[in-house]
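First the proteins, then the strands, lettered A, B, ... as listed; each starts at 1.
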Amino acid sequence: MIGKLRVVNSLSREKEVFEPLNAPHVGMYVCGPTVYSDVHLGNVRTFMSFDVIYRYLQFLGYKVRYVRNITDVGHLLDDTGEDKISRKAKLENLEPMEIVQKYTNDFHRVMETFNILPPDIEPTATGHLMEQLDMIQELVDNGFAYESNGSVYFDISKFNEKYDYGKLSGRKTEDLLNQTRELDGGSDKRSPLDFALWKKAAPEHIMRWNTKWSDGFPGWHLECSVMSTKYLGEEFDIHGGGMDLKFPHHECEIAQNAGSTGKEGAKYWMHTNMLTVNGTKMSKSLGNSFLPHELISGDHELLEHGYSPMTIRFFMLQSHYASTLDFSNEALDAAQKGYMKLANGLRLIKNYEYPEGLAEEINTKQAEQINKICDNCYHAMNDDFNTALTIGHLFNLVKKVNSIQTGQLKFEEIGKETFERMKSTFIAFCEEILGLKLETNLSSQNLLEVILEEYKVAKEAKNYDKVDELRAKLKAEGVIVKDMKTGIDWAFEE
RNA sequence: GGUCCUGUGGCCGAGUGGCUAGGCAAAGGUCUGCAAAACCUUGUACAGCGGUUCGAAUCCGCUCGGGACCUCCA
């Protein structure tokens, strides 16, 4: 390993050296989707960011247990106390579990489309009701929660006697109180800051469980505390999620963990930033959100045409996960060309082998440059998973690879050792770490070979009409013919 | 209103004190039947003003612009 991995910890707001609690094991929990409708692109960015983090940690040799939940109940919509799943179920006249299954399946398909690896454990809230009830009881026993009219609430003021509610998002309880609108008379809460652990269900509420507290359902924040603790322990390494979950969701999680176990859960908190469209956060209510399939097909009023999943992945990884990323046709088009350039480089180097028995005539400058670039890839990823910088370095390797193809750089100048390092580094960073894979839309690889052979023959015979015709034919397939001193090859059209 | 983030060349986007980020676009060159691709070269970039420093895009202050969270949201 080159250098140490450093991550920006939302808790300290500083870049810290990453030191797992129980190396080589790493526990990572990421807040997953609420499966009540299609995932939108913003969700994809978050899960893609943590996918790269997961991949890189594994690449570094850590044994990672990655837990990403599915929220299938209890996500309060508003003051009505109705949750997202049951509202949708009523709307579509389906069983809540049908909604859950439908959108869970859809979610998995989308994740696969973008080459996002599945987590090691994907627990559901409904599958952990007993554990949630246990944690509620613990919180009540410890004096951090109270029952009120069949519901159970977390008691922020009690919590603050011993802990500090708001430390993650930098909020002060007094400020929060000043800003919070007054409770309507009907509330069972002692303070507007208190949040629900268990909600008594209204008669029309369809997802409900009969417990000693009431016939009701769990609060949203609880499941994450319960499931992270169950699968990763009272203290674990990384907890992630989108920025917008920082408050109140993650703040509540910390409170629940501390209140029940005495430990605050995660050592490192990591937050991904938002996707924006024309500078404004992508969200459904603003009508500026894209569904993954719309971006791929181009079937959206804001889009001129579609983009392949790997182009989108590349586009997203070209910015740092903690920065906002703005969507535009121009930016996407530029990313498409850039991605094809990278993909062509990847395809080339995968096919290259250092020639057997070739005498080395090392060009020290070239070899040093290449080794430096390889080092830089590690440095970039070690620096808080800087995929944007990593991609920049990979493009520098692409130049070397292309130079080999055109014969401007020779194998013997690089030497076997450096060549092998370049090859393995390039492939590992593209495929294993960034999760970019080649997308071949060629109808037939063999056909391509045949046409290229035909092209070669025509070229040698100086039959230029035929040459131009074949060129056009291949271009229609998205393939560009490359005439070089060293021979004829092809590349994906950029 | 409170808390916080942010403003980089035509566009996107890295970069927290001195070391060419990178991609797209543009210009010139090499190569070529012509092209394309590739490679090489080129761009008075760091919102404005002031300060700290031998030296600042990078630190500090002010001004102006953009955004997020404070209610469900990745």
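Taking atom P on both nucleotides, B:A35 is separated from B:G67 by 48 Å, rounded to a whole Å. Taking the C1' atoms as reference points, B:U20 lies 29 Å from B:C60, given to the whole Å. Rounded to whole Å, the P atom of B:G10 lies 23 Å from the corresponding atom of B:U6. Nucleotides B:G29 and B:U44 place their C1' atoms 24 Å apart, quoted to the nearest Å. When the P atom is used for both B:A56 and B:U41, the distance is 28 Å, rounded to whole Å. For the C1' atoms, the distance linking B:G61 with B:U52 amounts to 11 Å, nearest Å. Comparing the P positions of B:C46 and B:C31 gives an interatomic distance of 37 Å, to the nearest angstrom. The same atom, C1', is picked in B:U58 and in B:A45; the two are 14 Å apart, to the nearest Å.
The ring of A:F47 has its center closer than 6.0 angstrom to the ring center of A:F107.
For A:Q132 against A:E223, the heavy-atom pair with the smallest separation is OE1-N, 3.6 Å. When all heavy atoms of A:D383 and A:K15 are compared, the closest pair comes out as OD1-NZ, 2.7 Å.
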**Request:** List the steps and the verdict of side-chain hydrogen bond (donor to acceptor under 3.5 Å, both in side chains) for A:S289 and A:H40.
**Result:** CA-CA 7 Å; A:S289 74; A:H40 74 96; 4.8 Å; no
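In this structure, CG of A:L394 is placed 15 Å from C1' of B:G13, rounded to the nearest angstrom. The interatomic distance linking A:H271 (NE2) with B:A68 (C1') rounds to 13 Å, in whole Å. Between the CG atom of A:N273 and the P atom of B:U6 there is a distance of 10 Å, rounded to whole Å. For the pair A:L342 CG and B:A38 C1', the computed distance is 16 Å after rounding to whole Å. Rounded to whole Å, atom P of B:U6 lies 18 Å from atom NZ of A:K281. Rounded to whole angstrom, the span from the CZ atom of A:F315 across to the C1' atom of B:G13 amounts to 10 Å. Note: CE (A:M316) to P (B:C12) measures 17 Å, nearest angstrom. Protein atom NZ of A:K172 is 13 Å distant from nucleotide atom C1' of B:C4, rounded to whole Å.
Partners of A:Y103 under the ring-ring contact (aromatic ring centres under 6.0 Å, His included) rule, at least two apart in sequence or in another chain, do not exist in this structure. By the salt bridge (charged side-chain N to carboxylate O under 4.0 Å, His left out) test, A:K456 pairs with no residue at all, sequence neighbours left out.
Using the six-membered ring where Trp is involved, A:F314 and A:F395 have ring planes that are perpendicular, over 60° apart on the 30 and 60° scheme. The aromatic rings of A:H250 and A:W269 sit tilted, their planes meeting at an angle between 30° and 60°. Between A:Y66 and A:Y54, the ring planes lie tilted relative to each other; the angle falls in the 30° to 60° range.
In this structure, A:E92 places its CD atom where more than 12 heavy-atom neighbours from other residues, nucleotides or ligands lie under 6.0 Å away.
A side-chain donor-acceptor contact under 3.5 Å links A:R313 to the backbone of A:F114. Within the 3.5 Å criterion, the main-chain N or O of A:S283 finds a donor-acceptor partner in the side chain of A:N288.
Checked for salt-bridge contact, A:R55 and A:D51 meet the test: a charged N lies under 4.0 Å from a carboxylate O. Ionic pairing of A:K466 and A:E454 is present here: one or more N-O contacts between side-chain nitrogen and carboxylate oxygen are shorter than 4.0 angstrom.
Note on A:D326: only backbone sugar-phosphate atoms sit closer than 4.0 angstrom, heavy atoms only; bases stay farther off. Heavy atoms of A:S403 sit under 4.0 angstrom from primed sugar atoms or phosphate atoms, though from no base atom. Within 4.0 Å (heavy atoms only), A:L275 reaches at least one base atom of the nucleic acid.
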**Pairing annotation in dot-bracket form, given for RNA chain B with Watson-Crick or G-U pairs under 3.5 Å and | for cross-strand partners** = ((((((((.[[[..)..(...]]].(((((.......)))))....[[[[[..)....]]]]])))))))....
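A:E453 is not listed as a side-chain neighbour of A:E449, based on a closest heavy-atom distance of 4.5 Å or more.
For A:R68 and A:F50, the positive end is not near the middle of the six-membered ring at less than 6.0 Å and at most 45° from its axis.
Near-neighbour residues of RNA chain B inside residues 238-250 of chain A, defined by a heavy atom below 4.0 Å, number-ordered: A:G241, A:G242, A:D244, A:L245, A:F247.
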Protein-nucleotides 15-26 of chain B N/O pairs under 3.5 Å:
from	atom 1	to	atom 2	distance (Å)
B:G15	OP1	A:N386	ND2	3.1
B:A25	OP1	A:K337	NZ	3.0

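Nearest-nucleotide positions on RNA chain B place A:R13 closer to the 5' end than the other of A:R45 and A:R13. Residue whose closest nucleotide on RNA chain B sits further toward the 5' end, between A:A322 and A:T46: A:A322.
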**Item:** Where protein sits on nucleotides 29-36 of chain B, one letter per nucleotide: B base, S sugar-phosphate only, - none, heavy atoms under 4.0 Å
**Value:** ----BBBB
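Distances from the side chain of A:T280 to the nucleotides B:G67, B:C72, B:A74 place B:G67 closest.
OP1 or OP2 of B:A74 sits under 4.0 Å from a side-chain N or O of A:N43.
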